[in-house]
Amino acid sequence: PSAQAAKIKLCLALDTGGVDDRSFNQGAWEGAKSSPVANAEYLAAASSADFAPNIKAFVDKKCELIIGVGFAIAGEIVKSAKANPKIAYAIVDNDGGDCDANFVCKPVKNVKGLTFQTDEASFLAGYLSAGMTKTGKVATYGGAPYPSVTIFMDGYVRGVDYYNKVKGKKVSVLGWNTTTKTGSFVGNFTDQNAALTLSKGFEQQGADIILPVGGNLGAPYAAANEKTKKALTIWVDSDGYGLLPAGKSTLLTTVVKEIGTSIKLVASDVANKKFTGALYVGTLKNKGISLAPYHDLSSRVPGQLKLEVRKIRDQIIAGTLKI
Amino acid sequence: MKKIRSNVQKRRLQGVIIISLLSSLSFLYFGLLKPGKDVTTFGFVLNNEWVIIKEWIIASQTGARIFSAISLVASALAIFAYKKERTIVFPVAIASFGILMSFLTWIASGKFIPFTGLLQGGLLLSIPLIFGSMSGLVCERSGVINIAIEGQLLASAFVSGVVASVTQQAWWGLLAAPFAGAAISYLLATFAIKFSVDQVILGFVINVLVIGLTDFLYKKLLIPHQNTWNSPPTFEVIPIPILSKIPVLGPIFFTQSIVVYLMFAIVAGVTFALYKTKWGLRTRAVGEHPTAADTVGIDVNKLRFRNVMIAGFIAGVGGAFYTVGSVGAFGKEMTAGAGFIALAALIFGKWSPIGALFAALLFGFATNLQSTLSIIGVAIPSEFMLMVPYIATIIAVTGLVGRVRAPAADGIPYSRGGSH
Amino acid sequence: MKKVISRIAQSIKLPGLSFLMAFTITGIIIALSDEKVMNKIGSPIEFLKSAGASVGNAYLALFQGSIYDNRLIKGNIFEGFYPFFETIVTATPLILTGLSVALAFKSGLFNIGAQGQFIFGAIGASYVGFRFDLPVGIHIIAAATAGMFLAAIWGGIVGFLKARTGAHEVILTIMMNYIAGYFILWLLKTKTFLRPGRIDPIAPEVLDSAKLPLLAGENFRIHAGIFIALAAALFVWWLLTKTTIGYKFRAVGANSQAARTAGISVPFVITATMMICGALAGLGGAVHVLGSEHSLNADVAGSLGFDAITVALLGRAQPLGTVFAALLFGALHTGGRMMQSNTGVPLDIVVVTQGLIVLFIAAPVFVRYIFRLKKLNTSAALTSKGWNG
Amino acid sequence: MSLELKGITKTFGSFTANDSIDLKVETGQIHAILGENGAGKSTLMNIVYGLLKADSGEILIDGKKVEISEPSDALNVGIGMVHQHFMLIPVFTVAENIMLGHEKSNKFRVLDLDQARAAIRTISEDFGLQVDPDAIVETLPVGIQQKVEIIKALIYEAKVLILDEPTAVLTPQETDELLNTMRDLKSKGTSIIFITHKLREVRAVADQITIIRRGKVIGAVSPSTSEAELASMMVGRAVDLAPAKYQHETGGPILEVKNLTVRDALGTSIVKGVNFHVNSGEVLAVAGVQGNGQSELARALINLEEHIEGSILLDGKEIRGSSIKQSLHAGIAFIPESRELDGVIGSFSIAENLILDLHGQAPYSKGLNLSAKVVHSEAEKRVTEFDIRTQSIMDSVSTLSGGNKQKVVIARELSRPIKVLVASQPTRGLDVGSIEFVHERILAQRDAGRGVILFSTELDEVMALADRIAVMYRGEILDIVGSNVTREELGLLMAGITSAKAGAK
Ligand SMILES: Nc1ncnc2c1ncn2[C@@H]1O[C@H](COP(=O)(O)OP(=O)(O)OP(=O)(O)O)[C@@H](O)[C@H]1O
Ligand SMILES: Nc1ncnc2c1ncn2[C@@H]1O[C@H](COP(=O)(O)OP(=O)(O)OP(=O)(O)O)[C@@H](O)[C@H]1O
Ligand SMILES: [Mg+2]
Ligand SMILES: [Mg+2]
């Protein structure tokens with residue numbers, strides 16, 4: 001692009017988790033802040049009742065790009081977009097479609113959906129875990145049974161299943177069942193003490209790799225593990241290696257969901273007047289999602305397993321492996 | 001003419017009927033009609049305690065029958081005790097245990113139940129609740145309603161986390177936390193006692209203030225500088241020599257961090273002090289009939305003030321449990337409503353320390369039981385599993401506890417000649 | 001005339017001073033947390049100036065965000081009041097949940113369960129709203145009634161259990177709030193409730209015929225719910241002061257033993273109160289869904305059920321007081337949003353301000369003490385009556 | 001030790017409760033204070049005891065001025081007090097109650113209850129006040145509770161003992177015992193201030209009488225003054241101490257009780273299969289020492305108790321097992337024993353209290369609606385008719401004096417169609433003026449042909465009002481006697497000793 005003109009005004013309407021949730025709100029905000037073409041600001045919501053007024057406040061402030069962070073805000077984003085066709089909108093974790101009474105949906109021109117095929121990456125994490133486990137048991141749990149949470153767990157379980165199929169092994173996954181859609185949850189995203197106890201429950205069942213899907217919830221066990229070394233942790237959303245204050249030495253990898261990258265992408269589209277409402281799907285292919293490096297544990301992951309994981313990734317990208 | 005029973009007998013009858021019914025049902029269902037087909041494995045060893053049995057493997061059906069049979073026998077004993085107009089607490093406790101075990105052997109057919117871990121986890125989940133309800137107890141026994149338990153826990157978790165992080169000493173965090181709890185108490189005491197503010201409003205407001213301020217500081221201070229401000233070390237587990245080696249009991253009671261031992265000490269201390277010492281006598285007097293206490297020269301408001309402060313110290317240790325005892329960092333709103341559950345436990349336990357202790361333990365155990373079941377893959381929708389501790393509490397409160405009586409002067413500010 | 005003015009001045013003196021104190025304390029926090037201000041700590045004058053500016057801007061934003069903002073006027077002065085209408089929209093469900101808690105206090109009960117009751121009200125209204133196709137007026141009534149009905153049952157369970165077994169309503173309502181929270185999460189995944197084409201927990205939008213009419217056109221969100229809320233306040237007032245049932249409620253609330261001796265059925269009062277409280281909070285949920293949210297989601301209740309307790313207590317459990325308290329909370333919340341977006345003061349600070357205002361209003365003796373006002377009476381009116389009811 | 005009060009003045013807002021009161025109690029003197037309800041007696045005593053602060057005036061002990069701003073100051077200078085409202089912790093044992101405030105602990109900081117028990121035993125023996133140190137206070141009959149109060153005061157070795165209406169809840173025997181104890185104390189040099197509404201007691205023990213009216217000292221008189229004179233000084237007008245009871249025809253049984261058993265929550269029977277009836281136009285008094293089941297029997301008559309067996313026939317119709325409301329509406333008026341707890345709702349206005357069991361009926365309500373107009377106009381009428389002393393019918397009942405509260409209860413209960421009046425201790429704690437009023441009303445009901453069941457521990461009251469007297473002892477009706485029984489015979493019956501004299505059944 002040519003020499004930067006004035007930066008665009010990028011406004012994030014956050015979900016109720018708050019900007020410091022070590023999860024998608026935080027990822028989105030950090031991405032927005034680091035965008036070179038935009039001045040970013042955000043509004044936090046205390047409940048879903050705040051979504052509409054927050055968006056309206058952005059419209060009044062003449063934001064040029066308004067991004068709803070979280071599927072819950074989709075409805076209000078679409079409504080506002082239809083009323084303000086000149087403003088560019090985006091919505092994280094939703095396709096931003098406008099549905100009629102019969103639930104026939106069509107895309108809205110000025111809304112870009114930012115969705116992620118998260119299970120592709122957690123599939124890799126599942127395969128990796130199955131290859132790494134010594135006890136033959138791995139585990140996953142969530143904060144609350146939201147679909148944006150369970151999609152990680154789904155992919156993870158399928159990854160393990162795939163490993164079993166390929167290798168003829170019997171690694172089992174505790175904490176989630178893809179057919180009954182039932183599993184282990186803390187019940188909220190704040191009670192870290194309960195999450196720690198739950199993780200210990202997995203440990204007692206013999207699981208030696210745990211994937212917690214719940215923002216901060218997994219942090220205490222990751223930290224505790226540094227002493228006990230009983231299990232490895234897999235983080236989600238943003239690479240836990242830079243994020244976690246403790247537990248790096250037992251952090252196997254992270255199922256990365258590049259919300260920030262996708263937001264920077266939309267921002268630069270808007271700045272360069274290339275914005276369209278076409279759906280964005282973060283995949284392994286476009287690096288919208290990825291499996292983070294193994295960092296400190298790199299040496300412990302067998303080279304063969306590394307290769308296999310890379311191969312599966314390529315197969316998924318190529319479309320030859322359907323997960 | 002219908003036979004008239006006393007309320008106690010009525011409640012006993014209710015209990016006897018429920019327990020007998022459940023025992024029979026569990027025998028029928030788990031033992032005969034829908035038996036588990038596989039074996040169930042119970043694990044007993046958690047750390048390095050002496051091993052008597054490491055694992056106990058039993059055919060699910062047989063196990064369910066054995067345990068149901070135990071509960072049936074206990075139910076019969078309960079009926080006998082009821083007939084003799086004696087307490088049915090012990091047979092009912094045994095029967096409940098039998099039913100629970102029978103259920104576990106049935107549902108975990110083909111699975112593993114870490115029995116010791118199940119109990120230990122339940123205890124750990126109830127630690128903050130116990131501290132919280134002891135704080136409530138010391139306040140309310142002297143006549144000040146404490147709804148600010150949540151605020152006390154959260155504020156002290158915050159302060160202990162920050163202090164321990166800055167000093168890199170868990171001990172400093174543990175020492176600082178009670179003062180944070182006491183600071184909240186100071187607010188409660190001053191406004192409730194000195195300025196006669198409605199104590200329920202006050203409690204809610206204090207919670208709101210603490211949540212607001214800790215969220216704010218978390219965002220402004222702890223997130224940007226997490227390595228300095230929010231990386232507290234946690235206490236190591238201190239196994240008590242010999243005792244920690246006892247199977248089952250050792251890992252639960254004698255292989256814990258200092259905060260858990262403090263919990264036992266505080267419950268024992270509060271129980272002793274409340275019923276056996278001068279302080280306790282006066283505290284209870286002031287909570288029941290402050291004017292009467294006043295007429296024998298007890299300074300009602302001074303004692304109440306002091307007790308509210310003590311309560312703050314107690315809750316403070318509970319707050320420290322979160323950061324330096326367990327989690328190892330402060331998290332936004334990490335108490336997640338524990339203060340309110342503690343309040344419920346206090347009421348459930350009829351404002352007695354032991355009662356509150358058991359109520360909190362029940363809640364913690366129910367929570368961990370549902371976790372364990374979800375881990376072994378019980379195909380009940382997770383949302384319903386998560387309801388288990390709350391439903392269990394409702395059943396226990398309505399079925400076993402019934403009417404409770406708060407200290408008579410609880411919540412009423414005292415001023416001379418004000419009320420009589 | 002003079003007398004009237006001085007009477008009015010007298011009656012707003014204490015609340016006024018309470019506000020002043022709350023805003024002063026929050027002002028200090030705002031100034032101290034503003035980096036621009038703290039950078040100037042070296043020179044006192046500059047520091048004070050910039051602190052003043054920082055706080056002034058924040059409070060200006062609070063006002064503009066909740067009452068009136070002339071920057072919004074594009075042609076019509078009316079548009080400047082957009083924030084005020086937003087305040088009313090926020091306050092509407094709060095009035096209803098607040099009334100629910102207030103009514104319970106009058107019967108000597110402590111209803112912490114407005115949260116769960118609200119959720120069931122929202123569920124009922126949403127279901128009827130999207131599932132059935134009914135004529136305009138009737139649809140709204142049917143949806144609201146369904147919500148109230150479910151919530152009345154949910155509240156009634158508490159009343160029934162307390163009346164039957166004596167179990168304490170505080171425990172029951174706390175537990176039932178959690179259960180309701182998980183229940184709605186489950187419900188939104190069922191075929192019946194999950195919006196086709198979506199996997200995240202959100203129900204279909206209610207049909208247009210079930211939406212509450214907008215009062216000021218498409219550009220404003222203010223809807224007829226406020227009239228429902230005010231009517232409910234009137235109803236509660238009428239019930240409590242003008243009817244035999246309300247008389248029974250108050251009698252049991254004030255002295256249940258004497259009420260029983262005089263032949264009033266205490267179990268009936270407990271059950272009936274909790275059912276009506278449930279219906280009120282449920283109506284709150286219904287109005288919230290039919291008026292401003294339009295579709296049910298897992299977080300539909302936010303913290304409305306808990307704010308309701310503070311609102312009711314602040315309103316001294318009186319219907320009119322509750323209405324004003326809810327409006328105040330609504331204003332602080334909507335204004336806080338503008339404060340957040342214009343000056344970067346986080347929402348948490350608004351929460352703190354709310355808390356401080358309630359604290360000082362509930363502590364007249366303290367305010368008198370601080371400002372050295374005469375008449376330092378020590379007895380204070382208690383709204384809640386402790387655990388023994 | 002002598003106690004002197006000089007110019008004690010105390011105001012509550014604009015109301016003067018004590019107006020420059022002077023009073024002197026000599027060493028070893030029993031000094032009675034008489035006065036109507038609300039005259040300011042308790043206020044004055046609370047000032048002496050440090051519970052209230054006087055606006056002006058001074059307190060002298062043995063001629064020296066003392067500052068008493070806390071109860072502990074009073075205890076320190078040797079003033080003890082038995083309060084009008086019990087100052088006992090209901091859930092504590094006797095020993096705990098008595099040691100409260102001056103607890104002794106052993107070296108492990110454990111409360112030394114044994115010492116308290118021993119102290120109680122000593123005092124019990126010295127003054128003949130038998131109590132079990134380990135009994136929970138709330139389970140004890142009020143008479144025993146009163147003894148606990150007195151022991152509490154004595155254990156401090158008070159030199160000046162204030163007794164504020166200690167006999168209001170005592171039976172004649174207990175009262176006599178207390179009077180003896182007082183004499184005993186006096187002989188040991190203790191000065192006593194004795195407040196009571198019962199003129200007989202005053203004349204029996206007092207050395208000096210001070211009369212207070214509306215916060216002012218009206219005069220000091222000697223105990224030889226006649227009861228009628230004392231009464232008129234108190235009230236400010238002539239009082240009829242013995243209500244005129246005209247003989248008249250009684251009708252047939254209006255309320256019959258057969259085999260009635262009442263049990264408490266633990267299943268113990270408190271009333272054991274009693275049988276009696278009351279005729280229309282008759283007063284049946286149920287006498288007995290407090291705690292022999294009368295309270296429960298009274299409550300059972302309107303189904304207030306939870307466990308009742310047997311039969312209660314009102315005008316031939318079974319009402320046992322119906323709801324409280326049905327019992328009341330069937331035609332029973334009920335004056336409960338405790339007006340504060342059961343009779344009135346303190347925070348409600350007088351008008352509202354007057355419709356507590358009538359609010360669902362015409363003309364007070366129509367459908368759901370309460371008719372405020374009717375409620376108010378009827379309240380105005382009642383206030384005039386029953387002479388309830390108040391500024392306005394909108395004043396809350398908690399602002400009324402005890403006598404006026406009782407009038408509110410009576411006004412409410414007697415202003416609806418009734419067949420039977422059940423009155424439980426209707427004059428407890430009332431002054432002579434109010435007692436006169438209540439007695440008149442009860443007799444008026446009898447004369448109007450209603451059945452009256454009067455539960456009372458006051459022998460004088462029973463003797464004055466009853467046509468027949470049922471004596472309860474340990475949950476049973478020992479005997480039913482005619483009104484020609486003597487005080488002594490009645491006293492014996494109440495103590496459980498059946499005499500040969502058979503009553504008219
Ligand atoms: N704390 C108070 N505030 C306002 N008024 C009070 C207070 N205490 C007492 N009074 C009023 O002062 C007056 C005197 O009351 P006090 O209790 O001294 O009467 P009393 O002579 O003891 O009556 P009784 O024979 O009924 O015991 C009454 O009118 C009472 O209502
Ligand atoms: N115990 C109860 N259980 C269920 N409903 C009751 C109960 N008590 C009263 N109600 C209902 O509440 C409403 C008003 O109560 P209630 O009938 O007690 O009023 P009321 O006007 O005082 O009655 P009444 O005129 O019979 O004295 C009525 O519709 C009644 O059916
Ligand atoms: Mg008195
Ligand atoms: Mg009626």
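Within every chain, numbering begins at 1; the chains are lettered A, B, ... in the order of the sequence lines, protein sequences first and strands thereafter.
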If one checks every heavy atom of B:F340 against chain C at 4.5 Å, the contacting part turns out to be both
Which value, rounded to the nearest 0.5 Å, describes the distance between B:L217 atom CG and C:S33 atom OG?
9.5 Å
Give the C-alpha distance, both sets of side-chain angles, the deciding distance and a yes or no for side-chain contact (heavy atoms from CB on, under 4.5 Å) between B:V205 and C:L313.
CA-CA 10 Å; B:V205 166; C:L313 290 166; over 6 Å; no
C:L359 portion near chain B, given a 4.5 angstrom heavy-atom threshold
both
Report which part of B:L386 has an atom under 4.5 Å of a heavy atom belonging to chain C: side chain, backbone, both, or neither.
both
Output the option from B:I347, B:I211, B:D410 having the highest count of non-hydrogen pairs under 4.5 Å with chain C.
B:I347
Counting heavy-atom pairs under 4.5 angstrom with chain B, the leader among C:I309, C:V350, C:L314 is C:I309
Look at the rings of B:Y390 and C:Y182 and say which category their plane angle falls in: under 30° parallel, 30 to 60° tilted, over 60° perpendicular.
tilted
So, taking the atom named CD1 in C:I171 and the one named OG1 in B:T393, what distance separates them when rounded to the nearest 0.5 Å?
8.5 Å
Hey, which of B:A344, B:S382, B:A408, B:A409 has the most heavy atom pairs under 4.5 Å with chain C?
B:A344
Name the region of C:L185, side chain, backbone, both or neither, that has any atom closer than 4.5 Å to a heavy atom of chain B.
both
Report which part of B:T398 has an atom under 4.5 Å of a heavy atom belonging to chain C: side chain, backbone, both, or neither.
both
Tested for side-chain contact (heavy atoms from CB on, under 4.5 Å) against B:L209, the lone hit among C:L356, C:V358, C:T353, C:V351 is C:L356
Answer whether the closest heavy-atom distance between the side chains of B:L213 and C:I29 falls below 4.5 Å.
yes
If you count the non-hydrogen atoms of other residues, nucleotides and ligands that lie under 6.0 Å from CZ in B:F358, is the total more than 12?
no
Nearest-0.5 Å distance that lies between atom CD1 in B:I201 and atom CZ in C:R316
6.0 Å
Using non-hydrogen atoms only, which part of B:Q14 is less than 4.5 Å away from chain C: side chain, backbone, both, or neither?
neither
Side chain, backbone, both or neither: which part of B:F363 has a heavy atom under 4.5 Å from chain C?
side chain
Relative to each other, are the rings of C:F183 and B:F384 parallel, tilted or perpendicular (30° and 60° limits)?
perpendicular
Heavy-atom contact with chain C under 4.5 Å, split by part of B:F216:
both
Interface moiety of B:I206 toward chain C, non-hydrogen atoms closer than 4.5 Å
neither
Search all heavy atoms of C:A363 against all heavy atoms of B:V197 and return the closest pair with its distance.
CB-CG2, 3.2 Å
Here the gap from C:L347 atom CG to B:K219 atom NZ, rounded to the nearest 0.5 Å, amounts to 7.5 Å
So for B:I147, is it side chain, backbone, both, or neither that comes closer than 4.5 Å to the heavy atoms of chain C?
side chain
Top of B:I341, B:T214, B:L202 for chain C proximity - count of heavy-atom pairs under 4.5 angstrom
B:I341
Gap between atom CZ of B:R405 and atom NE2 of C:H168 - 0.5 Å precision:
12.0 Å
Using non-hydrogen atoms only, which part of C:V352 is less than 4.5 Å away from chain B: side chain, backbone, both, or neither?
both
